[in-house]
Amino acid sequence: MNTQESRLTIHKLLKEYWGFDSFRPFQEEIILQVMAGKDALALMPTGGGKSLCYQVPALAADGLCLVISPLIALMKDQVQNLRKKNITAYSIYAGMSRKEVIHTFKTVIHSNCKFLYISPERLESSLFKEFLPGLNVKLVAVDEAHCISQWGYDFRPPYLRIASIREELPGVPVLALTASATPGVQEDICTKLGFKDHPVFRQSFERSNLSYSVFKVDSKINKILEILNKVPGSSIVYCKSRKRAREISELLRLQQVAADHYHAGLSQDDRSRKQEDWIHNKTRVIVCTNAFGMGIDKPDVRSVIHADAPDCLESYYQEAGRAGRDGKTAYAVLLHDERDMVELGSLTERRFPPIEEIRKVYQSVANYLQVPAGGGASQYYDFDIADFLRKFKLNSYLVIYSLKALEQEDWLSFNEQVFFPSTIQFTTGKDYLHAFEKDQPGSVPLVKTLLRIYEGIFDQPTFISEAVIANMIKKSITETRDQLIILQRAGVIDYRPKKENAQLQFLRSRVRTEELSINRVAYQQRKEKAGERTRQMIQYMNEKHQCRSLFIGAYFGDLALKACGICDHCLRLKAAEMTAPEFEQLSHRILDRIREEPLPARDLVSMLGGIKKEKAWKVIEFLQAENKVDIDPGGWVRRK
Ligand code: ADP
Ligand code: MG
């Protein structure tokens, strides 16, 4: 195919499968690059349309597209969405049994499967190596590609194995995709994946309808209420802990705001319901931890408020970016108080515990899970972290961050948000089933329902929903479960109730404490990089006059941005008809005047010779809004 033909083909596919008329910036360039057999790194904000960049070229050619993705929940979404378009897709992820993995590989090989989603830990397995040559892979897509960089904010060692897949697949192009990578990380991705030149396609980081602002406040809840009053419409409030999410949501409800809370500690059912209610505007404000938002595509979010600052701009940009996808004005507001700054400042120390402590946590975990010395390699364990903390009386931060360090050193992999829906497979032939139904007439409605609504349930474990079945057979969910268990005991079905336990996998066999090797140099370097990211976050919060968009753009290496004109700094200058340096100078003079004692506002303004009164008033107002000065009811201005 020449370029012109390729263009026609991909536009046709875009229309046929997605119903879209045109590509977004860079989608077409990236797709054509991949179709020409070349590698590429695509940098696009979340929601920018990265998936299309590998899905379209995969559909345009024969063969399979292997998609490497660390987020199980998103993987399942993608597979479902493709299947809705009648495109065959499968996924293989952490926690699936060996039997299930083999079954999936075989199905992929013997069907016209176009997409196989796989989590990175699975790449190493002997099964993968065994089946890879038979898969007819024509394109490799690496989602969340920043995970391959040790210096990125979300390093995952299994990603490093992607490089070795390349050797098995000579000539197959690799498309790496990420929403946020600093120039250093972009470079690292290209190197690690063996890209020849620097094939980076970067969508602009500009969000021209998104107004960024930062407020230092005494009462976050008051400020949140104020923002919600000023900005009607759907909103997300991000908090640093589950407890805070619940508390803030309760406070908002007390003020008649339709708010709800969301975090990874809730059951899957609760989470889905809360998410749906918010998406359909039954809940106006979702107060949540950073567990919320993955894969959510709600266009009309009018504000994203951070009640607590994230630890880096990568996260902030992604979370804030969920506002205003529809292109209409939206607000990204970051709130902080004195304590937050101090906490952020000491975060890196806490996140990188001493190596000796990490060793102790490793031993405790191994003891808790009763992993024998020399055993446990590639085994999955249900890991109830709360129970573990209680039994071993360990500090939760220490444990979480030690696990993270152990993950990054490739000792284990810990996934807090794994959810396995219930599955059923019939284990009998149709003849036996008839005999069984005759014998147990009470089971007939249930069996009939299963067969009617779940296609393929005879051939493979099939995801089912007890709630849906209960509804169809007009029984309660508990009764339905009991009946399923009866069928299971009778040998009619293999029923695996859903599991939501966190999963911990030992990647290597258990060793003695002194044999647990941790690369001190790399650990130290990761710590320094993390410290640098947090410092940049603090600087963003402290920044006094630079346009917020420019600041974020520069951080990601996008220097082509123009001042946005709508962030707090741009607006402040516009309103005051002042330049940034002029504003700085005037606010210094004002603060200087009241250094010793408060002054009546009028006197203060007239003391600033050579300055237009309106300008002085504006600056005083802004200082008040920034909580730097206080104006009492008598009109006296004092420093805070
Ligand atoms: P990302 O992976 O970059 O976060 P997705 O691939 O999930 O984003 O796409 C986000 C949304 O944008 C999806 O709903 C998708 O259908 C939509 N989208 C992608 N490309 C286009 C396009 N060219 N025109 C219109 N909508 C698009
Ligand atoms: Mg995506």
Side-chain angles (χ1 to χ4, degrees), residues 7-32 34 40-60 65-85 87 89 91 93 114-115 117-120 139-148 154 156 159 175-181 186 189 200-207 209-210 236 275 279 290 292-301 304 314-315 317-327 556:
R7 265 208 190 99
L8 281 173
T9 309
I10 64 178
H11 275 271
K12 235 180 83 198
L13 288 169
L14 182 71
K15 186 75 191 168
E16 187 182 330
Y17 284 99
W18 283 270
F20 302 147
D21 291 316
S22 59
F23 285 105
R24 290 196 178 143
F26 290 110
Q27 281 181 329
E28 185 167 354
E29 286 88 333
I30 294 165
I31 293 168
L32 291 175
V34 170
L41 166 59
L43 233 92
M44 285 184 192
T46 308
K50 289 185 283 298
S51 326
L52 271 183
C53 297
Y54 59 84
Q55 288 171 346
V56 171
L59 290 174
C65 174
L66 186 69
V67 189
I68 297 152
S69 163
L71 306 168
I72 298 175
L74 283 194
M75 200 145 97
K76 290 181 186 159
D77 273 2
Q78 297 263 6
V79 167
Q80 260 172 11
N81 285 337
L82 288 166
R83 287 184 181 172
K84 275 188 207 143
K85 300 185 202 304
I87 300 167
S91 55
Y93 42 83
K114 290 304 297 181
F115 297 94
Y117 285 77
I118 190 158
S119 30
L139 171 63
V140 177
V142 183
D143 211 356
E144 313 293 337
H146 54 269
C147 295
I148 203 173
D154 194 12
R156 296 173 193 232
Y159 261 70
L175 172 58
L177 312 121
T178 173
S180 48
Q186 293 166 33
I189 296 172
V200 180
F201 295 81
R202 193 181 58 207
Q203 223 180 56
S204 167
F205 277 78
E206 177 176 60
R207 291 292 312 275
N209 61 318
L210 189 55
I236 309 177
Q275 185 173 312
I279 286 176
N290 61 6
F292 183 79
M294 266 196 327
I296 288 172
D297 198 19
K298 183 166 165 62
D300 59 347
V301 180
V304 171
E314 281 90 336
S315 304
Y317 178 71
Q318 293 209 33
E319 289 162 13
R322 301 203 163 106
R325 293 265 175 84
D326 56 6
F556 292 114

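For the numbers below, each heavy atom of this structure counts, side chains included, while hydrogens, waters and symmetry mates do not. If you read the sequence from its start, that first residue is 1, and numbering goes on from there. Atoms within each ligand, like the ligands themselves, are counted from 1 in listed order.
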Exercise. Is there a side-chain contact between F115 and L139 (heavy atoms, below 4.5 Å)?
Worked result: no
Exercise. Less than 4.5 Å apart, any side-chain heavy atom of R24 and any of M44?
Worked result: no
For this session: Can you sort out which atoms of ligand 1 are near F23, meaning under 4.0 Å from one of its heavy atoms?
Result: 23 (N)
Exercise. Closest non-hydrogen protein atom to atom 12 (O) of ligand 1, residue and atom name please, with distance?
Worked result: R24 NH1, 3.2 Å
Exercise. Any side-chain heavy atom of Q55 within less than 4.5 Å of one from L82?
Worked result: yes
Exercise. Does an N or O anywhere in K50 fall below 3.5 Å from an N or O of ligand 1?
Worked result: yes
Exercise. Is it the case that more than 12 heavy atoms not belonging to K85 sit under 6.0 Å from its NZ atom?
Worked result: yes
Seminar exercise, completed: At under 4.0 Å between heavy atoms, what of Q27 touches ligand 1? The answer is side chain
Problem set entry | Of the listed options S22, G321, S51, closest to atom 5 (P) of ligand 1 (non-hydrogen atoms) | S51
Exercise. Closest non-hydrogen protein atom to atom 4 (O) of ligand 1, residue and atom name please, with distance?
Worked result: G47 N, 2.5 Å
Seminar exercise, completed: Contact region, F20 to ligand 1, non-hydrogen atoms below 4.0 Å, reads side chain
For this session: Would you mind running through ligand 1 and noting each atom that sits below 4.0 Å from a heavy atom of T46?
Result: 4 (O)
For this session: Return the residue, atom name and 0.1 Å-rounded distance of the protein heavy atom closest to atom 13 (C) of ligand 1.
Result: D297 OD2, 3.6 Å
Exercise. Do R7 and E28 have side chains that get closer than 4.5 Å, going by heavy atoms?
Worked result: yes
Exercise. Nearest protein heavy atom to atom 8 (O) of ligand 1, by residue and atom, and its distance?
Worked result: G49 N, 3.2 Å
Exercise. Numbering the atoms of ligand 1 from 1, which are under 4.0 Å from a heavy atom of P45?
Worked result: 3 (O)
For this session: Can you sort out the partners of E319 under side-chain hydrogen bond (donor to acceptor under 3.5 Å, both in side chains), two or more places apart, ordered by chain and number?
Result: H306
Exercise. So F23 and H11, would you call those rings parallel, tilted or perpendicular, with 30° and 60° as cut-offs?
Worked result: perpendicular
Exercise. What class does the angle between the rings of F26 and F201 fall in, given that below 30° is parallel, 30 to 60° is tilted and above 60° is perpendicular?
Worked result: perpendicular
